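Some notes on the structure that comes next.
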Amino acid sequence: MTQPLTDIIWLHDDLRVADNLLLHFASPPEAMLVVYVLDERKLAPWHPDDEGMRLGPARIRFLWQSVMELRGQLLRLGSDLLVKIGSPADEMAALCQALRPRRVRVSHSPCADEAADIDALRAQLSAGTELDVIDNNTLIDAGSLPFAWQEWPGSFSAFRRRVEKDNEIPAPLAAPVTLPPWPDDASRGFPPLQHLCRESANWQADPRGEFDYGGGEAAGHARLQDYLWAHEAIGEQAGPAYYKQTRNGLAGADFSTRFSAWLSRGCLSPRQVHQAVKDWEASHGQCESSYWITFELLWRDYFHHAAELDGAGLFGRRALPPLNDAFNAWRAGRTGIPFIDAAMIELSSTGFLSNRARQNVASYLVKDLKVDWRLGAAWFEHCLIDFDAPSNWGNWRYVGGTGRDPRRNRYFNVLGQADRYDPAGHYVARWLPALVDLPADQRHRPWQKAPEHFARPLAEPYD
Ligand SMILES: Cc1cc2nc3c(=O)[nH]c(=O)nc-3n(C[C@H](O)[C@H](O)[C@H](O)COP(=O)(O)OP(=O)(O)OC[C@H]3O[C@@H](n4cnc5c(N)ncnc54)[C@H](O)[C@@H]3O)c2cc1C
């Protein structure tokens with residue numbers, strides 16, 4: 001009997017069925033196995049001096065919800081999802097050995113580890129198996145960028161202008177209505193979350209964050225619909241018509257889109273978000289504010305493509321330095337600057353932080369406390385539900401002064417920022433209850449008016 005023509009679909013941060021090019025075929029295989037391998041390197045400590053895993057509890061929880069929901073979707077389409085924990089290249093090589101597929105399909109990754117895994121698998125494949133590496137997770141495919149890598153634009157603005165002039169963002173693809181059957185005798189299985197980390201199974205976001213992220217494609221689409229369409233109906237000044245005004249907010253569910261967690265795990269694709277914004281604009285008219293959502297998605301594209309150029313250099317190349325007192329105070333929210341401490345407590349207890357707060361805490365760590373930026377980036381990697389290597393390490397590189405566009409390397413005077421973005425001190429009092437009884441004008445500098453209760457900060461921001 002001849003072997004059926006089998007494809008293996010190797011998933012990473014592309015945990016969706018709609019607009020997933022890996023699931024669209026010019027000539028469908030006779031059988032198809034879909035696999036997600038949780039990379040055991042992500043279960044190692046985020047730092048040699050600490051026990052927490054690179055994949056912190058908030059991240060694991062969201063990831064597992066996303067993977068579980070995807071399995072349900074695939075089962076409904078006649079397929080399934082095999083989930084494994086281990087070395088992705090080795091697990092994949094073993095599957096290929098057992099199934100002898102005609103083809104393995106995988107999304108292109110700009111990140112060094114994932115790209116190395118793909119190369120390692122390629123080196124082990126037998127002659128009869130092809131490896132298709134497909135651009136699947138950016139607005140513009142790397143191969144469609146209107147310049148060669150060696151002509152990479154000197155700034156984000158130059159990148160954006162070229163792309164906006166020369167590229168059309170492709171429309172997203174609908175989900176397939178059916179998928180090829182599971183190969184006979186191929187294994188199935190899904191390790192329960194408790195086996196990975198008991199802490200993650202019980203992890204809950206602090207309700208002060210006012211947002212509960214649920215992983216998966218359906219929750220991502222629900223958020224997309226809700227953010228774009230729900231506010232106007234109830235007369236709220238939020239959503240795409242107000243995005244540019246509200247996006248620098250600090251607290252609440254709707255000051256920004258909150259799409260990042262679903263984009264990062266690929267439960268939503270950036271093209272789906274772009275298309276949904278265009279649909280909104282078709283009924284409301286385009287405005288600067290709605291355009292700004294696509295503008296921000298182009299930042300994401302910029303970091304993804306730039307990561308390709310940076311390779312392992314994205315992560316700063318050297319080993320992480322030891323933890324020190326200033327860093328430990330920063331991550332625990334004990335620097336004495338309420339604006340920084342509130343944000344760091346929010347980060348560790350919700351897994352999310354606004355862009356404004358991310359920029360301030362990063363600047364304070366690097367520029368005021370003089371700590372190596374890579375420790376900050378690694379801590380964010382542990383905590384952030386929306387962790388995305390190119391966006392996280394790319395943004396941190398700017399703060400560390402090694403970004404590709406020197407104009408982005410700005411110093412933030414965090415007290416000035418606190419006065420501007422949290423004038424009544426509501427944000428800091430929400431996360432630091434000791435401030436609640438202070439008048440608004442003292443909440444950002446409590447050590448000045450009440451030195452007996454509030455210690456001087458570790459470093460006062462310089463002008
Ligand atoms: C130090 C630092 C670390 C960061 N780490 C991450 C990370 O790990 N993952 C991540 O998705 N974003 C990261 N960002 C970018 C940004 O802060 C988040 O994307 C944003 O706060 C997520 O909230 P949102 O979805 O409501 O964003 P919105 O303001 O609604 O933006 C819409 C989308 O545009 C993209 N986007 C917006 N700003 C940026 C940016 N500066 N860089 C790249 N993409 C952007 C995101 O996909 C986001 O979901 C980081 C920023 C800084 C300063």
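Since the model is a prediction, treat every value here as computed from it, not as a measurement. Because only heavy atoms are used, hydrogens play no part in the values below, and waters and symmetry mates are left out as well, while side chains stay in. Numbers for residues simply follow the sequence, beginning at 1. Counting starts at 1 for both ligands and their atoms, in listed order.
L314 and A307 make their closest contact through CD2-CB, 4.0 Å (heavy atoms, listed as atom of the first residue, atom of the second, distance).
A salt bridge between R54 and E381 is present, with a side-chain N of the basic residue lying under 4.0 Å from a carboxylate O of the acidic one. One finds no salt bridge joining R443 and D422 here, because no Lys/Arg side-chain nitrogen approaches an Asp/Glu carboxylate oxygen to under 4.0 Å.
Applying the 6.0 Å contact sphere to CG of D325 captures no more than 12 heavy atoms from other residues, nucleotides or ligands.
Contacts with ligand 1 closer than 4.0 Å are made by side-chain heavy atoms of L384 only, the backbone lying farther away. At a heavy-atom distance under 4.0 Å, no atom of R247 approaches ligand 1.
Residue-to-ligand polar distances keep W396 apart from ligand 1: every N/O pair is separated by 3.5 Å or more. Ligand 1 has an N or O atom lying under 3.5 Å from an N or O atom of F259, backbone or side chain.
Atoms of ligand 1 lying under 4.0 Å from at least one heavy atom of R258, given by number and element, are 24 (P), 25 (O), 26 (O). Atoms of ligand 1 found under 4.0 Å from any heavy atom of D388 (numbered from 1 in listed order, with element): 7 (C), 8 (O), 9 (N). If you number the atoms of ligand 1 from 1 as listed, the ones under 4.0 Å from a heavy atom of L263 come out as 47 (O), 49 (O). Counting the atoms of ligand 1 from 1 in the order shown, those under 4.0 Å from a heavy atom of S264 are 11 (O). Listed by atom number, the atoms of ligand 1 under 4.0 Å from R300 heavy atoms are 43 (C), 44 (N), 47 (O). Near S260, the atoms of ligand 1 lying under 4.0 angstrom from a non-hydrogen atom of the residue are 11 (O), 22 (C), 23 (O), 25 (O), 49 (O).
Side-chain N or O atoms of E210 include none that pairs as donor or acceptor with a backbone N or O of A251 at under 3.5 Å. A distance-only check finds no donor-acceptor pair linking the side chain of W262 to the backbone of A218 [under 3.5 Å]. Looking at T294, its side chain never comes within 3.5 Å of a backbone N or O of S290 through a donor-acceptor pair.
Between Y302 and ligand 1 there is no heavy-atom distance shorter than 4.0 Å. Residue contacts with ligand 1 include F352, since one or more of its heavy atoms lies under 4.0 Å from the ligand.
Each of F295, Y398, F303 was evaluated against F156; a single residue qualifies, F295, per the ring pair (Phe, Tyr, Trp, His ring centres under 6.0 Å) test.
Comparing V366, T246, N395 by heavy-atom distance to atom 42 (N) of ligand 1, the nearest is N395. The option from R397, R358, Q359 that lies nearest to atom 6 (C) of ligand 1, judged by heavy atoms, is R358.
With sequence neighbours excluded, the residues satisfying side chain to side chain donor-acceptor pair (under 3.5 Å) with S260 are D386.
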